[in-house]
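Report on the following structure.
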There are 2 protein chains.
Amino acid sequence: MASLKQVAERANVSIATVSRVLNNKDIVNPETRAKVENAIRDLNYLPNRVAQRLRSTSSKKKLIGVVLPDVQNPFYVDVIRGIEETAYRNQFVVMIGNFSQDEEKERLYLDIFQSEEVDGMIVAPAHGRDQNILKVLENNFAVVCIDRGLADVDVDVVKVDNEEGVFGAIEYLISLGHKRIAHITGMPQIPTTAERVKGFERAMKKHGIKIDPDLIRPSNSSYESGAELMAELLSLKKPPTAVFTANNLITLGALRTIHERGCKVPDDISIIGFDDMYWSMSLNPPLTAVRQSGYEIGKRAASMLLAGIFTPQRSKRQVVLPTELIVRKSCRRI
Amino acid sequence: MASLKQVAERANVSIATVSRVLNNKDIVNPETRAKVENAIRDLNYLPNRVAQRLRSTSSKKKLIGVVLPDVQNPFYVDVIRGIEETAYRNQFVVMIGNFSQDEEKERLYLDIFQSEEVDGMIVAPAHGRDQNILKVLENNFAVVCIDRGLADVDVDVVKVDNEEGVFGAIEYLISLGHKRIAHITGMPQIPTTAERVKGFERAMKKHGIKIDPDLIRPSNSSYESGAELMAELLSLKKPPTAVFTANNLITLGALRTIHERGCKVPDDISIIGFDDMYWSMSLNPPLTAVRQSGYEIGKRAASMLLAGIFTPQRSKRQVVLPTELIVRKSCRRI
DNA sequence: GCAGATTATGTAAACGTTTACAATCAATTT
DNA sequence: AAATTGATTGTAAACGTTTACATAATCTGC
C-alpha cells in the first residue's frame, strides 16, 4: 500500500503538497495538482485512516462505535440499519460491538472504542446503573443511549414510550374481553422491563382486573426462556386466555410452544408481542404487535450523536418515540 | 485520556519502561513494575489502539473487517456471530461493513478497511467476478470469501454445498409425490443462485420430471420479491403443489402471500425454504428447510483468516460444508 | 579489582498523516 | 529599485505507540 511519501516522490513534490491536494483546502497550482493526482492514480493510493485518526483532532475522525446487547435480536438489526444509513451519509464509519448481555464484554468494547479514538458512541446500556458507560462519559466522549436510559445521569437518550405502548396493548386485550392475561416479562434488571410491567399493571388496575401473580413470568429475554415460560403458562390449571410477550424473541419462543402443543392462535390463546418485525405478517396467523421502530431509533440516535460531536457543549436531550399497536390476527374476542 | 507519556511522568520512568510493563516482554524490575502499574491504575490508562496499529507490523493489529451484502438477513447475523466469537477469543476486534447489495458501497467498505490497516477481511462478494476484492488481494491482504467464491481466483473460501442441498430438498418433494414444483430463485448474478438452480434441475431431470418454465421465478433475493412472485405463482391457472424458495427472506415473503390468500400449508401448498432460522419452529406450521449453518461458516472463516494472517504463505483452501434438510411440517404427501 | 556478562532503564527513530511556519519566487506597489 | 504582497511549496513537529540500540549499574568469576 502506497503512502503519502511515495506519492510525493513520484510526483516530485513534498508530502505537504500531496496532503494539500488530497484535502483540497489550501491553494495548489493546477499543474502540480495534476502531477500529484496522476501519481495518486498510478500508485492506487489510499489515505491511511489510522494515521489520519492519530493525527487529527476530535470530530474529524469520522468514526463512531455502537455497543449493543444482542445482534441476534432483529430489533437491534433495525437500529444498526438506521445508524449506519445516517452515518454513511455523513461519511462516518460504524464499528459494532455485540456484548451478548455480558457486562464484561460490554466493558471491553467500550474500552476498545475509546482506544480506537471514536468520535462518539451509541450504546444500549446493559442496565440502568451501568458503571461502564459512566467511565466513558467521564472521558468526555459523546454518547447517546438508546432503548434504555441511565439513572441519574444527564445524557442523550433515544427511546420509546414502553409503558404507554404496553398499556395500549393490554387495554386492547381487555376490550376484547380478556381478563386472564399473562405477561412474560424481559430481564428484570433492564429498565425497559420495569416500564413494560408498569404499563401492564396500570392497564389492569384501570379496568379493575386483579393480576394473578401466577401469570407474570420474568424471563431472561431470550427465545428459549420465552418457550419455557409459555409451556409453564399453558400447563397451569387455569391457563391464561391471552399472553403479552415483552420482546420479539420471547414472542417467537412462546409461539413455538403454542404450536408444539397444538394450541390454536387466536382460538385457544391470544397473543400480542412487543416488537414488530418486517415479517410479522408471515406468521400464521399474522401477529398483533406493539411496534417500536428500531430504524427510527437508530436514525435519531445517529443524528443526535453527530450533533453532539460537532457541538460538544450542546445540552443533552431525551427523545421518547411513540409506539404503535399493529392489530393483525393473533387476538380474538372472548 | 491518559497517554504513555503521562503514565511515564507520574511513575518517574521513561515511556519505554511503561511500554515494557504493558507488553510484559522484556524484563523489568518488580519495583518499577509496581510503580508503573499504580500510575496506570491512577490515570485509568488505556493503550491507544490507533497508535498501536500505526506502529505495529502486520498480524499484530488485532483487527479484522467483515463485508456483507445484507445484515437484515438472519443468515448473515449468524455468520457475524460465528466470526465474532472466534475473533473475540483471539482478542481480535471485528469491523462490519454492510453494503446492502450495493457494489459501490462494497468498494467503499473494502477501501476503508484497507485504510484501517486491518489484518485481514472476511467478505461475501457481491458476485462471482467481483473486481473490488481482486484489488484487495493485490494489496496482499488476507481474505476469506464466504457463501460465494470468486471465479478464477485462488482464494480461501468457506461455503456450502448449495447444489446438493437443493437437490436433496427437491428429491424429498418428489418422493412425496410432487411434480409441479416451483422455484423462486435468488438474484441471478450471485453464484449461489446458479448452484441452487442447478440442484433443482438435476433433481427434476433425475426423476424425469419436465420443468414448467412458468414455475421458475427469479427474484432479487428480497422479502418483497418473494411475496410478489409467490402471488404470481398462486394466480397461475395451474398453480404449483409445492414451492422451493431460495433464501430465508424469499421464504418469509412467500409465506406472507400464502397466508394472505388464505392458502393452507401444507394442505394447499407445500414449501421448503433454503436457510433455516432458529425460530423456524415458531412458524405455523413449522418450516421444512435446508439448513446451512451461518454460525459454522463464520467460525470456519474466522479461523481460516487467522491462520492466513499468521502464516501468509499458507496455501489457499476451499471448505465446502454440507447442508442439512430439516424436515418439519410444511410439506405433505400428495 | 577488573574483564565481561547480566539486568534494568533510557533515548530516539519510526509508523503515515496534518498543519503551523518558513521559504521562495514572481508580481505589484510606491 | 526597494518594499510589499500573494501564490505556491517545503520543512519539521506532532499524534501515541513499539523497539533497536545505547547506557548504566550490578554481579560473576578469576
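We name chains A, B, ... by the order of the sequence lines, and we start the count at 1 in each one. Predicted, not measured: the structure shown is a model, and the values here were computed from it.
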Using a heavy-atom cut-off of 4.0 Å across all strands, would you classify [X] as base, sugar-phosphate, or nothing?
{"X": "A/Ser56", "answer": "nothing"}
{"X": "A/Val13", "answer": "sugar-phosphate"}
{"X": "B/Leu46", "answer": "sugar-phosphate"}

Assuming nearest nucleotide by heavy-atom distance, tell me which of B/Asp26 and A/Lys60 is located more 5' along DNA chain C.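 Nearest-nucleotide comparison on DNA chain C picks B/Asp26.
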
On DNA chain C, nearest-nucleotide positions of B/Arg33 versus A/Ala51: which is more 5'?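 Residue closer to the 5' terminus by nearest nucleotide: B/Arg33.
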
What is the distance, rounded to the nearest whole Å, between atom [atom1] of [X] and atom [atom2] of [N]?
{"X": "A/Asn12", "N": "D/dT8", "atom1": "CG", "atom2": "P", "value": "19 Å"}
{"X": "B/Asn48", "N": "D/dA14", "atom1": "CG", "atom2": "P", "value": "18 Å"}
{"X": "A/Arg20", "N": "D/dG10", "atom1": "CZ", "atom2": "C1'", "value": "7 Å"}
{"X": "A/Lys25", "N": "D/dT9", "atom1": "NZ", "atom2": "C1'", "value": "18 Å"}
{"X": "B/Asn23", "N": "D/dT17", "atom1": "CG", "atom2": "C1'", "value": "9 Å"}
{"X": "A/Gln6", "N": "C/dT17", "atom1": "CD", "atom2": "C1'", "value": "14 Å"}
{"X": "A/Lys35", "N": "D/dT8", "atom1": "NZ", "atom2": "P", "value": "14 Å"}
{"X": "B/Ile27", "N": "D/dA25", "atom1": "CD1", "atom2": "P", "value": "18 Å"}

So A/Glu84 and A/Lys299, salt bridge (charged side-chain N to carboxylate O under 4.0 Å, His left out) or not? Walk me through it. CA-CA 8 Å; A/Glu84 208 240 6; A/Lys299 246 177 60 175; over 6 Å; no

Side-chain contact test, heavy atoms from C-beta onward, threshold under 4.5 Å: evaluate it for B/Val320 versus B/Val160 and give yes or no. no

Would you indicate, yes or no, if C/dA8 has its OP1 or OP2 atom less than 4.0 angstrom from a side-chain nitrogen or oxygen of B/Thr17?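 For B/Thr17, the contact criterion (side-chain N or O under 4.0 Å from OP1 or OP2 of C/dA8) is not met.
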
Any side-chain N or O of A/Ser14 under 4.0 Å from OP1/OP2 of D/dT11? no

Taking atom types as modelled, is there a side-chain donor on B/Tyr109 or B/Asn98 under 3.5 Å from an acceptor on the other?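 Result is no, nothing qualifies.
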
Nucleotide nearest [X] (side chain, heavy atoms from C-beta), chosen from [options]:
{"X": "A/Ile15", "options": "D/dT9, D/dC15, D/dA12", "result": "D/dA12"}
{"X": "A/Asn29", "options": "D/dT8, D/dG16, C/dT17", "result": "D/dT8"}
{"X": "A/Ala16", "options": "C/dT17, C/dG10, C/dT19", "result": "C/dT19"}

B/Met1 vs A/Val28, nearer the 5' end of DNA chain D by closest nucleotide: A/Val28

Smallest separation among heavy atoms of A/Ala126 and A/Arg148, with atom names: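 Minimum heavy-atom contact is O-NH1, 3.4 Å.
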
Output yes when a side-chain donor or acceptor of B/Ser221 lies under 3.5 Å from a complementary backbone atom of B/Met187, and no otherwise.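 Indeed, once roles are kept as given, a pair shorter than 3.5 Å links the two residues.
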
